[in-house]
Structure formats: C-alpha cells, structure tokens
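Chain letters run A, B, ... following the sequence lines, proteins first and then strands; every chain starts at 1. All values below come from the heavy atoms of this structure, side chains included, with hydrogens, waters and symmetry mates left out.
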There are 2 protein chains.
Amino acid sequence: MNQTIENYLKGIYTLSKQSPSGVATTALAEKMETKASSVTDMLKKLDEKGLVRHAPYKGAVLTQKGKKIAIEVVRKHRLWEVFLVEKLRFGWDEVHTIAEQLEHIDSAELIVRLDEFLGFPRYDPHGDPIPDVNGHISDNRKAFSLSEAAVGTKVIIAGVKESSDNFLRYLESVALTLNTTMKIADRFAFDNSVRLKVKNREIIVSSTVAENLLVKKGK
Amino acid sequence: MNQTIENYLKGIYTLSKQSPSGVATTALAEKMETKASSVTDMLKKLDEKGLVRHAPYKGAVLTQKGKKIAIEVVRKHRLWEVFLVEKLRFGWDEVHTIAEQLEHIDSAELIVRLDEFLGFPRYDPHGDPIPDVNGHISDNRKAFSLSEAAVGTKVIIAGVKESSDNFLRYLESVALTLNTTMKIADRFAFDNSVRLKVKNREIIVSSTVAENLLVKKGK
DNA sequence: ATCATAATTTAGACGTGTCTAAATTATATT
DNA sequence: AATATAATTTAGACACGTCTAAATTATGAT
Ligand SMILES: [Mn+2]
Ligand SMILES: [Mn+2]
Ligand SMILES: [Mn+2]
Ligand SMILES: [Mn+2]
C-alpha cells in the first residue's frame with residue numbers, strides 16, 4: 001500500500017462524512033490538491049483494486065477494505081500527532097504536515113509500541129478521537145459547537161471542527177486551547193459573536209470561531 | 001529531495017568508504033537491489049542535479065552537496081534507531097527497516113527535537129556514531145576488530161562491522177550486546193576462533209564473528 | 001422538453017524510476 | 001598486441017501518477 005493510495009483513501013474517508021452516498025470528483029480533487037481528471041484516473045485504479053466503488057458520474061464510496069485502510073491511516077496520523085505534541089513539545093498548529101508523512105510508515109508493530117509508549121491516548125491534540133487497533137472509533141466527548149452553547153452555561157473546549165493552522169494559531173494566541181474551561185457570558189444577536197469568561201479574563205470571539213470550536217458541558 | 005535520491009546518495013556514501021576513488025555501478029546496483037542499467041540512469045540524473053560526479057565507466061563520487069545530504073540521512077536514520085530501541089523497546093535487530101523509512105521524513109525541526117528528546121546520543125544501537133547537526137562525525141570509540149584483540153586482554157563491545165539482522169540476532173542470542181565487557185581467553189590457531197570469558201560464562205565465537213565484532217579496550 | 005452550464009470522463013502526453021536486450025568500453029589472459 | 005570476458009552504458013519499453021484539452025454526461029432554469 002503506497003502513500004498516494006493511502007492519501008486518496010483518507011481523503012475519500014474524510015469527505016464521505018459530508019456525502020455518504022458518494023464523494024464527488026471535484027471535491028476530492030480540491031482536497032487532494034490535484035485535478036479532477038487525475039482523480040478520475042485514480043478512482044479507476046482504486047476500484048480495480050477493490051478499495052473503492054466508483055460509479056462514473058456518481059461519485060466514489062469506500063469498500064470495507066478501503067475504509068479499513070483509511071481508518072488505519074487516521075489512527076497512525078493521530079497517534080503521531082500525540083507523540084509530536086506530548087513528547088517532542090510541538091504546538092498543535094505545527095504537527096499536521098509532519099504527521100501527514102509519518103502516517104505512511106509501514107510497520108504494525110511500530111504503531112502498537114507507539115500507542116503503548118503514549119499511554120493509549122483516546123484523543124489527538126485537536127480533540128479528534130483516535131480509532132482503536134480494530135478501527136473502532138468511540139467518541140465520548142458529547143461535543144457540540146460553541147455557537148449552540150446556551151448563554152450562562154460553563155463549557156470545556158473539546159476540539160475543533162476546522163483544524164487549519166491559521167485557526168489553531170489564532171486559538172493558541174488567545175489561549176483558547178484544549179480542555180480550557182469557560183463560561184458563555186453573552187451572545188450578541190447582531191453578529192452572533194460570543195463573549196467568554198475564561199478564568200480572570202474576558203474575550204469576544206466571532207461567530208465563525210464559535211461555529212468551529214467544539215465544546216462539552218463543563219462544571 | 002525524495003526518497004529514491006536519498007537512498008542512492010546514502011548508498012554511494014556508504015560504499016565510497018571502501019572505494020573512495022569512485023563507486024562501481026555494479027556494487028551500487030547490488031546495494032540498491034536494482035539493475036546496473038537503472039543505476040546508470042540514476043547516476044546521470046544525480047550528476048545533472050550536482051549531487052554526484054559520474055564519469056562513465058569510471059564510477060560515481062559524491063559532490064559536497066550530495067555528501068551533505070547523505071550524511072543528514074545517516075544522522076536521521078541513526079537517531080530514529082535510538083528512538084526505536086531506547087523509547088519503544090525494539091531489539092537492535094528489528095529497527096533497520098523501520099528507520100529506513102523514518103529517515104526520509106522531511107522536517108529539520110523534527111530532528112532537532114528528536115535529538116533533544118533522546119538526550120543528544122552520540123552512537124546508535126549498533127555502535128555507529130551519529131553525525132552532528134553540521135554533518136561532522138566524531139568517533140571516539142577507538143574500536144578495533146575482535147579478531148585483532150590480543151589474548152589475555154579485556155575488551156568492551158563497541159559495535160558491529162556487519163549489521164545484518166542475522167548477525168545481530170546471533171549476538172543477541174548469545175548475549176553479546178553493546179557495552180558487554182569480556183576477556184580474550186584464547187585464540188585457536190587452526191581456525192582463528194576465539195574463546196571469550198564473559199562474566200561467569202565462556203563462549204567460543206568463529207573467526208567470522210570475531211572479524212565483524214568491534215571492541216574497545218576494557219578495564 | 002430544451003438548452004446552457006457545470007461536473008466528469010476520455011484522449012493523449014509527460015516525468016520518474018524501473019526493466020530487458022543489445023551495444024560499447026575496460027580488463028585481464030595469452 | 002590480439003582477444004576473451006566482465007563491466008557498463010544505451011535503446012526501447014513499461015507502470016505510476018500527473019497534466020491539458022476535448023468530449024461526454026448530468027443538472028437546473030426557463
Ligand atoms: Mn499523508
Ligand atoms: Mn489532528
Ligand atoms: Mn531509506
Ligand atoms: Mn544502525
């Protein structure tokens with residue numbers, strides 16, 4: 001299994017959450033930073049290999065075999081991200097491109113040992129759940145978007161919807177990092193921005209930020 | 001810089017210790033597990049890129065630029081080997097193929113932090129010196145072959161000349177691992193096999209083993 | 001239902017790294 | 001010095017992953 005194929009499978013897997021009936025060629029092309037015609041070529045190959053079912057003009061769906069590989073890649077990606085942040089002290093905005101490479105290292109035993117070395121983490125540095133060795137994903141966070149949190153409640157940052165480096169760096173700079181507890185002080189009707197109380201300080205975040213920040217109920 | 005090129009440069013670098021005037025196409029082909037014609041093709045490309053000087057029929061020599069890259073790859077390979085053995089508890093015979101992949105991860109900052117995380121190791125699990133960040137290799141082991149050690153002297157295992165998995169597994173199975181202290185009890189003239197005293201036990205190793213085991217003076 | 005537009009696929013090409021078979025050059029033997 | 005043999009390069013091909021331009025199919029607005 002090579003890198004290109006693994007990256008395509010992961011891309012299809014990610015996009016299929018939004019469009020379970022079939023991932024569009026154009027959407028996948030954008031995700032993979034390539035051209036639609038290249039995607040079509042690759043989908044044909046993946047179909048021949050039994051990793052994807054590709055109905056021309058109808059989009060692509062992972063087979064069980066393809067999904068299994070995709071989830072394994074996600075597991076490896078997230079475990080390496082934990083390693084980079086917890087052991088090598090990288091920031092959560094710095095680990096994506098490195099993990100993007102490390103996820104393709106081909107050694108099952110390596111991942112078994114890495115998992116153990118890290119203490120069997122359940123979530124990655126962005127709050128995303130780490131699939132177990134059988135590919136099962138259990139997300140116990142009960143997370144919802146900050147834009148849906150009721151005014152007056154306390155919440156804890158549980159993850160991000162969007163994990164672009166820009167967004168992560170913004171959050172880092174205003175000290176809104178994973179597991180931060182905060183109180184929803186206000187939501188302003190005119191632009192849906194949200195005022196938060198974090199420890200001793202207050203901060204107002206835009207509706208876009210609120211939309212993309214995942215929280216869970218706090219005490 | 002891609003994997004194939006890095007592997008070729010490393011291969012040329014390793015072989016050039018035996019033949020500094022130029023690495024032969026055939027030798028490189030065997031090392032790279034490919035055909036001589038493929039090697040010729042690649043040497044032409046590397047020459048064009050300024051990484052190698054290739055005089056047709058005369059062999060290949062690394063340029064400064066090529067040597068720099070080769071040594072960086074060696075540095076990364078050996079640091080990852082230390083990680084695998086020291087942190088993930090792999091055996092020294094299990095790490096080569098994994099490090100062969102990890103050495104190509106492209107991130108200078110990653111290696112800086114890995115080096116620090118490992119406590120700036122000077123030698124890898126096979127006793128080979130780890131080049132520093134500037135590509136300088138300092139080998140303070142003063143190691144020599146066990147086959148040259150005088151009878152009656154005490155020596156410490158400092159490394160291996162040949163690091164095939166088979167040889168490493170043999171050494172592991174007879175508990176002749178890095179930093180083991182032993183006394184040269186005898187060398188038998190008829191086949192140059194060597195009797196060693198290690199702690200409370202005795203073991204006889206063949207001349208081939210003695211030839212490929214590096215030792216330094218012990219107390 | 002027709003037509004314009006957008007999405008997708010196909011056709012033909014290219015760079016990379018590899019191969020086999022044939023040609024060329026170096027080397028060793030006589 | 002001529003010749004046999006080994007080493008090396010060249011010629012031509014192929015799989016992979018990509019591209020541009022052209023053709024095809026789907027969609028939705030009228
Ligand atoms: Mn990747
Ligand atoms: Mn992540
Ligand atoms: Mn390698
Ligand atoms: Mn080593």
In whole angstroms, the gap separating P of C/dC19 from NZ of B/K35 amounts to 6 Å
Taking atom CD of A/E148 as the centre, report whether more than 12 heavy atoms of other residues, nucleotides or ligands fall under 6.0 Å from it.
-> yes
Main-chain N/O of B/G127 paired with B/R141 side-chain donor or acceptor, under 3.5 Å | yes
Rounded to whole Å, NZ of B/K45 lies from C1' of C/dT18 at a distance of 9 Å
Between the first and last five pairs of the helix from C/dA1-D/dT30 to C/dT30-D/dA1, the angle of the axes, rounded to 10 degrees = 0°
So the contacted stretch of DNA chain D, first to last nucleotide with an atom under 4.0 Å from a non-hydrogen atom of chain B, runs from D/dA7 to D/dT10
Go through the side-chain N and O atoms of B/D191 and B/S193 and say whether any donor and acceptor fall under 3.5 Å apart.
-> yes
Whole-Å distance separating the CD atom of B/E33 from the C1' atom of C/dG17 = 16 Å
Nucleotide C/dT16, atom C1' - distance to CG of B/N7 in whole Å | 15 Å
Can B/V215 and B/F144 be said to form a side-chain contact (heavy atoms from CB on, under 4.5 Å), step by step?
-> CA-CA 5 Å; B/V215 297; B/F144 49 95; 3.6 Å; yes
Distance-only donor-acceptor check, side chains A/H77 and A/D124, under 3.5 Å = no
Quick one: B/L43 CG to C/dT18 P, roughly how many Å, whole number?
-> 11 Å
Under 4.0 Å: is that the gap between some side-chain N or O of B/S38 and OP1 or OP2 of C/dG17?
-> no
Determine whether more than 12 heavy atoms belonging to other residues, nucleotides or ligands lie under 6.0 Å from atom CD of A/E109.
-> yes
Please report, rounded to the nearest Å, how far the P atom of C/dA13 is from the CG atom of A/D41.
-> 15 Å
Whole angstrom is fine here: how far is it from NZ in B/K44 over to P in C/dT18?
-> 14 Å
Would you mind reporting whether B/I111 and B/E72 have side-chain heavy atoms less than 4.5 Å apart?
-> no
Return the set of residues passing side chain to side chain contact (heavy atoms under 4.5 Å, CB included) with A/T34 (not counting sequence neighbours), or none when no residue passes.
-> A/Y8, A/M32, A/S38, A/V39
Heavy atoms under 4.0 Å, any strand shown: does B/T40 hit a base, just sugar-phosphate, or nothing?
-> base
Round to a whole Å and report the spacing from OH of A/Y57 to P of C/dT5.
-> 19 Å
With heavy atoms under 4.0 Å as the rule, sort B/T4 into base, sugar-phosphate or nothing.
-> sugar-phosphate
To the nearest 0.5 Å, tell me how far B/E100 CD sits from B/E6 CD.
-> 10.5 Å
For C/dT18, does either OP1 or OP2 sit under 4.0 Å from a side-chain N or O belonging to B/Y8?
-> yes
